[in-house]
J.: 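Provided herewith is a single structure, encoded as structure tokens, for subsequent inquiry.
Order of the sequence lines fixes the chain letters, A, B, ..., with proteins taken first and strands second; residue numbering starts at 1 for each chain. Hydrogens, waters and symmetry mates are skipped; everything else that's a heavy atom, side chains included, is used.
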Protein chains: 2
Amino acid sequence: MRATIREVAREAGVSPSTVSRALSTPEMVNATTRERVLRAAQRLGYAPNRAARGLITGRTGNIGLIVPDLANPFFPSVVKGVQARAREADYAVFLADTDEDPTAEVGLIRVLGKQVDGLILCSPRAREEEIRDLCESTTLVMVNRRFGSVPSVVFDNVDGMRQAVAHLQALGHERVAWVGGPRTSWSSRDRVRGLRTATAAAGMELVVAGHFPPHFEGGVAAADLIIASGVTSVIAYNDLMALGLLGRLRDRGVRVPQDMSVIGIDDIQMSAMSAPALTTVSLGKAQAGRAAVDLLISLLEQPEGVRNARRELPTQLLVRASTGVARTN
Amino acid sequence: MRATIREVAREAGVSPSTVSRALSTPEMVNATTRERVLRAAQRLGYAPNRAARGLITGRTGNIGLIVPDLANPFFPSVVKGVQARAREADYAVFLADTDEDPTAEVGLIRVLGKQVDGLILCSPRAREEEIRDLCESTTLVMVNRRFGSVPSVVFDNVDGMRQAVAHLQALGHERVAWVGGPRTSWSSRDRVRGLRTATAAAGMELVVAGHFPPHFEGGVAAADLIIASGVTSVIAYNDLMALGLLGRLRDRGVRVPQDMSVIGIDDIQMSAMSAPALTTVSLGKAQAGRAAVDLLISLLEQPEGVRNARRELPTQLLVRASTGVARTN
DNA sequence: CATGCCCTTGCAAACGGTTTCAGACTGACG
DNA sequence: CGTCAGTCTGAAACCGTTTGCAAGGGCATG
């Protein structure tokens, strides 16, 4: 059995309240008794029971993190960031994976929401009104999605798309295709929006190839459409899909980058290791996780006092081998 | 504010104790009052406060999961399995990532161990005596490691290596290299042991190339040693390293599988998508996660009554394009 | 010397459940 | 009709903390 605060109190010859104060509000107790208490606690290996503390303070010291699919390498990176920062702040992290199912997502938010102080929703797929509704009962922070005044951390997709388009234009491309992600993905919509702006400004033609599952297979499925569309360059919703494109293009005998330039988004580990290595719009994934924790904690500590509950993180084009000078036929 | 048991009691016109019983031991309360209580609870959207319940029952309803590195695709798969099964059993999962640091690992086990009913250690890197020590104070289950009587879920590495070696032998290979993982990895040691047995039985020569970090780069680093060793086939500690091998072999102009056959272990998503697709020893990763949860829960529910606290999961060789008939010079 | 203030500490009441124990009621039986 | 067993319910104690309140002591001030 673990030591309780009473045993520490007895060991130190003080009352339980003094022990409690010595540990949580040290400035309220005399230096010498504090010392004595700390030493006793040390001796007994005492650590406060978080459930008991939570019962009275109403805070659990836990935060929840919900992601659509851990198998997509984007998410583990975010999770690592969340997890590391939460630990620094002495919060523990509940993790849940929805398998890309919006209904499961809402259910999970509901049940997990009761066990935590706040929730981080990474790339949530639920409908806006549902999230708005959930917002009432739980403090939550979204990553990779933005609407209304819901606190959020997003990437500057517009600028990322601008960089990608500028890169392609510099290589002489005039037509670029977009391979979209899930219909329910806010960032897919945001990216195609940025892309429209950027291509229009650059005087390039944009071919939107529709929505595909955000996996390798999605990219494979899109590849033939892309080839048929006659573009010389393509930007995919994420790296996994871009790698799928790469694979199918090779099978079809389309050379990358000579015949087709390919750009991904996310900068997952694998994209540096493919052949050719993938040019990609790099996102600070762990950074986003950390930012979300910081935002959530500040929200928890001064519920009303947070001036700006939206954070936008920069993106950076990483030029590798999958983009090259446009084919001139 | 959330409804408490007292409000439900008032709403239903009974005492709090009756509400408690109606929810947790329904057979102890009269059918009609039970019905009334349940309806009142429903109306108020009542859900018991887990901290309060935990305070008296001494159980939190949480389990902890500690993995070395979420960025390694092996682990997210296990996490998904753990997570899904835990949710079915109404447990929530704390996740922590140690960044492959054994010291951090021990620290995490200590702190997380106090907030959960039990802990799942996936591929733990800590020293045996430390784990044995931790065992005293926390009920824990190891995945991918086995020693003493610590409850564990492991893969049948010996049989996996047997299958791989049989496959290579059938293809006419006589010399095979092993690219090992971290020195602290039990499964690396277990696999090389199985490999020794299998190659000896098959009359093949085994070249052990030492220890490498379990990443893509580790495989890259090992590749030149492998080429120099003159073997015609190589088995890597995991798929990530095998993919690294593949990449470096291509750069060096060594054709796979004509000049060199390559086998990985794990069957991560990416290994089906590489060119050539990777032959690999497939492991039921999510299954291992589920098994670990089942084992942990049965341990929690009948602390002494578990006859066999060790589970061994089968492995299956997946033949793809990276293995072929041995080069005959 | 009496008064008042500050600093430090202890007492006791919460927090929201579960569980032990005893009491009320019912029906059966002698 | 009295007794007894059995079923169901309520009162109260308890789990391990935090915290509002009050009391005690020391010290400066009038």
J.: Rounded to the nearest angstrom, tell me the gap between atom CD1 in I5(A) and atom P in dC11(C).
T.: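 About 14 Å, once rounded to whole Å.
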J.: Kindly say whether G181(A) contributes a backbone atom to a donor-acceptor pair with the side chain of S188(A) at under 3.5 angstrom?
T.: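 Yes, S188(A) side chain to G181(A) backbone: donor-acceptor pair under 3.5 Å.
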J.: Can you name the one residue among E129(B), E136(B), E128(B) that meets salt bridge (Lys or Arg N to Asp or Glu O under 4.0 Å) with R132(B)?
T.: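 Among E129(B), E136(B), E128(B), the one that satisfies the salt bridge (Lys or Arg N to Asp or Glu O under 4.0 Å) with R132(B) is E128(B).
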J.: Heavy atom of residues 7-24 of chain A under 4.0 Å from DNA chain C: which residues?
T.: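 Residues of residues 7-24 of chain A that come under 4.0 Å of DNA chain C are, in numerical order, V14(A), S15(A), S17(A), T18(A), R21(A).
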J.: Do E100(A) and P214(A) touch side chain to side chain, with heavy atoms closer than 4.5 Å?
T.: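 They are in side-chain contact.
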J.: Identify the heavy atoms of L295(B) and P151(B) that sit nearest to each other, and give their distance.
T.: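 So the minimum-distance heavy-atom pair works out to CD2-CB, 4.2 Å.
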J.: Using a strict threshold of under 4.0 Å (side-chain N to carboxylate O), is an ion pair present between E88(B) and R85(B)?
T.: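 Salt bridge between R85(B) and E88(B), a charged N being under 4.0 Å from a carboxylate O: yes.
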J.: Identify, residue by residue, the members of residues 86-94 of chain A with a heavy atom below 4.0 Å from DNA chain D, and return them in order of residue number, or none.
T.: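 Nothing qualifies; none.
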J.: Salt-bridged, R125(A) to D99(A), with N to O below 4.0 Å?
T.: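 Answer for the salt bridge query: no.
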J.: What pair of heavy atoms forms the shortest contact from R311(B) to A291(B), and how long is it?
T.: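 Smallest interatomic distance, heavy atoms only, reads NH1-O, 4.3 Å.
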J.: Measure from CE on M28(A) to P on dT9(C) and round the result to the nearest Å.
T.: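 These atoms are roughly 10 Å apart.
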J.: Give me the first and last nucleotide of DNA chain D, going 5' to 3', that has any atom under 4.0 Å from a heavy atom of chain A.
T.: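 Listing 5' to 3', DNA chain D meets chain A from dG16(D) to dG20(D).
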J.: Tell me if a side-chain donor or acceptor on D266(B) pairs with a main-chain N or O of F74(B) at a distance below 3.5 Å.
T.: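 Pair absent, no side-chain N/O of D266(B) close to backbone of F74(B).
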J.: Under the side chain to side chain donor-acceptor pair (under 3.5 Å) rule, what pairs show up with a residue in residues 16-27 of chain A, not counting sequence neighbours?
T.: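 Matches after skipping sequence neighbours: S15(A)-S17(A), S15(A)-T18(A).
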J.: Quick check against the 3.5 Å criterion: does W186(A) have a side-chain atom that pairs as donor or acceptor with the backbone of N144(A)?
T.: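 Judged by distance alone, no pair lies under 3.5 Å.
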J.: Which angle, rounded to 10°, do you find between the first-five-pair axis and the last-five-pair axis of the helix from dC1(C)-dG30(D) to dG30(C)-dC1(D)?
T.: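 The angle, to the nearest 10 degrees, is 70°.
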J.: Starting at OH of Y46(B) and ending at P of dG16(C), how long is that distance when rounded to a whole Å?
T.: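 Roughly 10 Å, once rounded to whole Å.
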J.: Which atom names give the shortest non-hydrogen contact between Q115(A) and A92(B), and what distance separates them?
T.: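 Minimum heavy-atom separation between Q115(A) and A92(B): OE1-CB, 3.8 Å.
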J.: Specify the separation, in whole Å, of atom CG of N49(A) and atom P of dG17(C).
T.: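 Roughly 16 Å, once rounded to whole Å.
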J.: In residues 53-63 of chain A, which residues come under 4.0 Å of DNA chain C by heavy atom?
T.: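 Those residues whose heavy atoms fall under 4.0 Å from DNA chain C, taken from residues 53-63 of chain A in numerical order, are L55(A), I56(A).
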J.: Should the pair D69(B)-K80(A) be classified as a salt bridge under the 4.0 Å nitrogen-to-oxygen rule?
T.: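 Salt bridge flag = yes for K80(A) with D69(B).
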J.: Backbone N or O of G61(A) within a donor-acceptor pair of the D117(A) side chain at under 3.5 Å?
T.: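 Yes; at least one donor-acceptor contact below 3.5 Å.
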J.: Counting N and O atoms only, with roles assigned by atom type, does the side chain of T138(A) sit under 3.5 Å from a partner on the main chain of L140(A), one being a donor and the other an acceptor?
T.: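 Judged by distance alone, no pair lies under 3.5 Å.
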J.: Look at all strands and tell whether R50(B) reaches a base, only sugar-phosphate, or nothing, counting heavy atoms closer than 4.0 Å.
T.: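 No contact at all - R50(B) keeps every heavy atom at 4.0 Å or more from the nucleic acid.
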J.: Please report the shortest heavy-atom distance between V116(B) and I63(B), naming the atom on each side.
T.: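 Minimum heavy-atom separation between V116(B) and I63(B): CG1-C, 3.8 Å.
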